[in-house]
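Scope of the values below: all heavy atoms of this structure, side chains included, with no hydrogens, waters or symmetry mates.
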Amino acid sequence: MYLPRFQLPCRPCALLLCALALAGCGKGEEPTPRVSGGDPEQGRRLMAQYQCAACHQIPEVPGAHGNAGPPLEGFGRRSYIAGGIPNVPDELVRWLDNPQALKPGSPMPDVGVSPAEARHMAAYLYSLQ
C-alpha cells in the first residue's frame with residue numbers, strides 16, 4: 001500500500017506562515033500617554049471645578065451628565081481631539097488651555113484653565129481608557 005509522503009513547506013514559506021500566525025500575538029492596549037507634570041486625580045477634581053460636566057459626560061466626575069459636548073469615556077483611546085487635532089499630550093494641553101486658538105469657532109469655550117491645570121486635566125483624560 002502506497003502512502004503519500006507528507007512534505008513540509010519550503011523554509012521561506014514556513015517562516016512566512018509562522019510570522020503571519022504570530023503577527024497578532026502580544027498586542028495589548030496602547031500605553032496611556034504620559035503628561036509631564038500631570039496628576040490624573042487632580043485633573044479629575046479640576047474637571048468638576050471648571051464645570052466640564054455641564055457639557056460632557058465624564059466618568060468619575062459627580063453630576064457629569066451633560067450632552068452638549070461629546071461624552072469623554074474612553075478619551076485616552078481616541079485618535080483626535082475635536083475631530084481633527086492629533087490626540088497627543090502637548091496638543092491636548094493646548095486644547096484645554098485655549099480651544100479657540102486651535103480650532104476657532106469651536107463650541108468648546110475657553111473657561112480660564114491655566115497651562116498647569118490643563119496638564120492635570122489631560123493626565124486625567126488619558127486615564128479614561
Student: Do Tyr124 and Val88 belong together in a cluster built from hydrophobic side chains that touch within less than 4.5 Å?
Tutor: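 Different clusters: Tyr124 never reaches Val88 through Ile, Leu, Val, Met, Phe, Trp or Tyr contacts under 4.5 Å.
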Student: Listing request: all salt bridge (Lys or Arg N to Asp or Glu O under 4.0 Å) pairs with a residue in residues 39-58, at least two apart in sequence or in separate chains.
Tutor: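 Qualifying pairs, neighbours excluded: Glu41-Arg44, Glu41-Arg45.
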Student: What's the separation between atom CZ in Arg78 and atom CG in Leu125, rounded to the nearest 0.5 Å?
Tutor: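 Rounded to the nearest 0.5 Å, the CZ-CG separation comes to 9.0 Å.
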Student: For His120 and Leu46, work out which heavy atoms get closest and say how close.
Tutor: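 Taking every non-hydrogen atom into account, CB-CD1, 3.9 Å.
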Student: Got Val35 and Val93 here, is their nearest side-chain heavy-atom distance under 4.5 Å?
Tutor: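 Val35 reaches Val93 side chain to side chain.
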Student: Scan the side chains in residues 49-75 for donor-acceptor partners under 3.5 Å anywhere in the protein, sequence neighbours excluded, and list what turns up.
Tutor:
unit_1, atom_1, unit_2, atom_2, d
Tyr50, OH, Glu117, OE1, 2.6
Tyr50, OH, Glu117, OE2, 3.1
His56, ND1, Pro70, O, 2.7

Student: Tell me the side chain to side chain donor-acceptor pair (under 3.5 Å) pairs involving residues 89-102, sequence neighbours left out?
Tutor: Glu91-Arg94
Student: Any heavy-atom pair between the side chains of Leu102 and Ile81 that's under 4.5 Å?
Tutor: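 Heavy-atom side-chain distance check fails, nothing below 4.5 Å.
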Student: Counting only pairs under 3.5 Å, give me each side-chain donor-acceptor contact of residues 103-110, with atom names and distances, residues two or more places apart or in other chains.
Tutor:
unit_1, atom_1, unit_2, atom_2, d
Lys103, NZ, Ala82, O, 2.6
Ser106, OG, Met108, N, 3.1
Asp110, OD1, Gly112, N, 3.1

